[in-house]
S.K.: 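My questions all concern the structure below.
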Amino acid sequence: MKKILLTLSILFIAGFLFADVKIPVVSPYTGPLATFGEGVKNGALLAAEVINKNGGIKGEKVVIDLEDDMCEPKEAANIATKLAGDKDVYIVIGHLCSSATLAAEPIYKSAHLPAISPASTNVNIGKLSKYYFRNVYKDDFQGKFLARYADEALHAKKIVIFYENNDYSIGLKDAFVKEAKKRGLKILGTEAYTQDDTDFKPILTKYRALRPDVIFIPGYAPQGTLIISQARELGFKCKFMGADGLDDKIMLQNPDAEGLMITTPFIPDKAGPEAKKFIEMYKKKFKSEPNWFAANTYDAVMLAAEAIKHAGKNREKIRDYLASLNSPQKAFHGVTGATYFDKYGDCQKPAFIKVIKNGKWVGAEIQLK
Amino acid sequence: MLLQQLVNGIVLGCVYALIAVGYTLVYGVIELINFAHGDIYMLGAFFMYTFLNFGVPFLPSFVLAVICCIIVGILLDIIAYRPVRYADRLAALITAIGMSIFFENIALLIWGADIKRYSREWIPHFFKKLFINLPNEHFQNVFLTVSYLQITIIVLSIILMIILHLIIHKTKMGTAMRAIAQDKRAAALMGIDVNRVISFTFALGSGLAAVAGIFIGMYYNSIYPMMGYIAGIKAFAAAVLGGIGSVPGAMLGGVVLGMAETLGAGYISSAYRHGIAYAAMIFVILFNPAGLMGKRKVDKV
């Protein structure tokens, strides 16, 4: 008994000496977009494991604190308030959905708490606060890139857009339409839907006789998969394009989605040596292929650890450190390539197109330079 | 285009009607708005998924899923509603909302949050075939596709509606149900086993919800724990629109609501489709508070 007490007290004291560094990772882990959160969670846990194996942050262990915002702005604001008031939180990784990030942003800003979003692509996020950074591209870049791809690689002439009524989807749609118009592509129509919609036939029926070449869906997978299936059922022969929001395994299970093309910041079969190592570790630990959410979150956690190591446990100094990574020379090198920030905290990242072939994501044959 | 929109609208309407009938049935007998009904519909889709996943063929899976839902429905009544049967009506209503949340979270726990699909091999080929597929060599400019699944949904809901009507009006059990609807205590005095008849009502309603869940799961091929919520609200609106308590009213209400939504989305604005559907409901209720086929109650002094 005495021995146990002794060991316990030693552990207790040791725990005090080597206090942990808590890094909160906010994302939907339940709800309809929980599958996105899966990649985020795995990427974060793997990053913490690697950091801790290499001695942690100056000897202190990194502990990942998973916070579930269910992709709801209301819930995101609650979590942000909690984290902002927590003295042991120096930096936040998250959120995933743009609407959630936009809701949390002013709260972090007033608490001077820096945050890195690995996945929110809405255009306005960077401009609204100097405490928000992200290691993912923006929707205006993504939307423009997709319009370019529709024109140069697919030679599409007539396009229909189905977008969800949220910050992410509208931003993408606007950027796509702007670029498409510049290139002289014809947008037959833009149609909004909500998260609760399951029946798209009335809207699809409207466009059938117009025979579009491409249907662009800048939304999320739960509705995307329904739109594609219902379009095929109505006899549409067009191609389907989407953005990173459609990157979900439900798409692979849908035989109608064969040939779907989407943007991605990360393609496993076109990855560099650093990324190859990451993919191997990931596969060994989680028995599945990492998606871009996992890769970006892995990088974001690594970057956060790096910032705490250099700047110490001080919110303001961590922000300044991140802001100082402002040129390719000073960039942070991770599995998704170099990350450095412009004056808004946004970053330039290459984009790729991947396509579903035989129920698997593969890099598309034509990639834009 | 109009032709296709009408087909879309009728199928969506029949889907709403199938769920709405369960609402209206329970309401008609014990004046309880069973908010957990939408979740029974969700459970139907998931039970079907589970059985198919275990390799049970289509028809036995279908029967098993419906039986499971009937059992859940009866248990729901015995465990949740029976203890508050003679209490204030508000108590039963709150219980119903609680049960709805309970079922949603149980489903989240068992099946997880991500969307499930019925795999292509599980579903008989018959449903995938097209009943009408235009344009063809005779019709160059007409666009119309109707699948056998859509036809099945329409025919099935009509058949179920007729059977239900016969049960209510031609059988002993149906007579007992109507007696309880009039006056629970008087019915009990006449020797009717009130609890048994109400359990039967729940069984009937839950069975219909299961059928709806399974066919909608197949139609949209996307099932998830929260699917009952929105469908439940729409079906409830359909039941109110048709006159809650009236079975043919629920059918009519469902079709009217489905049509309003489809035509609204197709011709006015896709962003306001739900708004248009609910506006149609409010419009009808404003002029005819009892709903399209509901009976107006006259309170005697």
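Below, chain A is the first sequence line, B the second, and so on; all start at residue 1.
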S.K.: So what's closer than 4.5 Å to chain B heavy atoms on S229(A): side chain, backbone, both or neither?
M.R.: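 When you check distances to chain B, only side chain atoms of S229(A) fall under 4.5 Å.
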S.K.: Can you tell me which portion of S147(B) sits under 4.5 Å from chain A's heavy atoms? Options are side chain, backbone, both or neither.
M.R.: side chain
S.K.: Which answer fits I250(A), side chain, backbone, both or neither, if we ask what part of it has an atom under 4.5 Å from a heavy atom of chain B?
M.R.: both
S.K.: Is the number of heavy atoms from other residues, nucleotides or ligands under 6.0 Å of Y272(B) OH greater than 12?
M.R.: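 Incorrect, the count does not exceed 12.
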S.K.: With only heavy atoms counted, which part of N254(A) is less than 4.5 Å from chain B, the side chain, the backbone, both or neither?
M.R.: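 Interface part for N254(A): both.
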S.K.: Counting heavy-atom pairs under 4.5 Å to chain B, which of I203(A), T198(A), L204(A) comes out on top?
M.R.: T198(A)
S.K.: Nearest 0.5 Å, please: how far is CD1 in I187(A) from CD1 in I161(A)?
M.R.: 4.0 Å
S.K.: Checking E233(A) against chain B: side chain, backbone, both or neither under 4.5 Å from a heavy atom?
M.R.: both
S.K.: Can you tell me which of T205(A), N165(A), D248(A) forms the most heavy-atom pairs within a distance under 4.5 Å of chain B?
M.R.: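 The answer is T205(A).
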S.K.: If I compare all heavy atoms of I214(B) with all of G44(B), which pair ends up nearest, and what's the gap?
M.R.: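 Closest pair (atom of I214(B), atom of G44(B), distance): CG1-O, 3.6 Å.
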S.K.: Which heavy-atom pair separates P118(A) from N296(A) by the least distance, and what is that distance?
M.R.: O-ND2, 3.0 Å
S.K.: Which atoms of I230(B) come close to chain A, meaning under 4.5 Å heavy atom to heavy atom: side chain ones, backbone ones, both, or neither?
M.R.: side chain
S.K.: Distance under 6.0 Å and angle within 45° of the ring axis: does K173(A) meet both against F162(A)?
M.R.: no
S.K.: Could you check whether any side-chain heavy atom of F240(A) comes within less than 4.5 Å of a side-chain heavy atom of V214(A), counting everything from C-beta outward?
M.R.: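 No, side chains not in contact.
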S.K.: Enumerate the side-chain hydrogen bond (donor to acceptor under 3.5 Å, both in side chains) contacts for residues 39-48 of chain B, please, sequence neighbours excluded, ordered by first and then second residue.
M.R.: D39(B)-S100(B)
S.K.: Which bit of E104(B) is near chain A, if near means a heavy-atom gap under 4.5 Å: side chain, backbone, both or neither?
M.R.: neither
S.K.: What residues of residues 216-225 of chain B make heavy-atom contacts with chain A at a cutoff under 4.5 angstrom?
M.R.: Y219(B), Y220(B), S222(B), Y224(B)
S.K.: With a 4.5 angstrom heavy-atom cut-off, is it the side chain or the backbone of A34(A) that approaches chain B, or both, or neither?
M.R.: side chain
S.K.: Between A221(A), P222(A), G235(A), A192(A), who has the most heavy-atom pairs with chain B when the cutoff is under 4.5 Å?
M.R.: A192(A)
S.K.: Of all of S270(B), G264(B), G266(B), S119(B), which one pairs up most often with chain A through heavy atoms under 4.5 Å apart?
M.R.: S270(B)
S.K.: Which answer fits Q230(A), side chain, backbone, both or neither, if we ask what part of it has an atom under 4.5 Å from a heavy atom of chain B?
M.R.: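 For Q230(A), the side chain is the part near chain B, not the backbone.
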S.K.: Looking at the rings of F103(B) and Y229(B), which for Trp means the six-membered one, are their centres under 6.0 Å apart?
M.R.: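 So the answer is no for these two rings.
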S.K.: Drop me the distance from F293(A)'s CZ to D247(A)'s CG, to the nearest 0.5 angstrom.
M.R.: 6.0 Å
S.K.: Find the one option among T30(A), L226(A), T35(A) whose heavy-atom pairs under 4.5 Å with chain B are most numerous.
M.R.: L226(A)
S.K.: Under a 3.5 Å cutoff, is there a donor and acceptor pairing between the side chains of D174(A) and Y163(A)?
M.R.: no
S.K.: Which of parallel (below 30°), tilted (30 to 60°) and perpendicular (above 60°) describes F46(B) and Y49(B)?
M.R.: perpendicular
S.K.: Check side-chain contact (heavy atoms from CB on, under 4.5 Å) between K357(A) and all other residues, then give those that pass, not counting sequence neighbours.
M.R.: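 For K357(A), the residues satisfying side-chain contact (heavy atoms from CB on, under 4.5 Å) (neighbours in sequence not counted) are E258(A), V362(A), E365(A).
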S.K.: Sequence neighbours excluded and cut-off under 3.5 Å, please list the side-chain donor-acceptor pairs for residues 9-18 of chain B, or say none.
M.R.:
residue	atom	partner	partner atom	Å
Y16(B)	OH	E261(B)	OE1	2.8

S.K.: So which of V7(B), T262(B), L108(B), L263(B) has the biggest tally of heavy-atom pairs under 4.5 Å with chain A?
M.R.: T262(B)
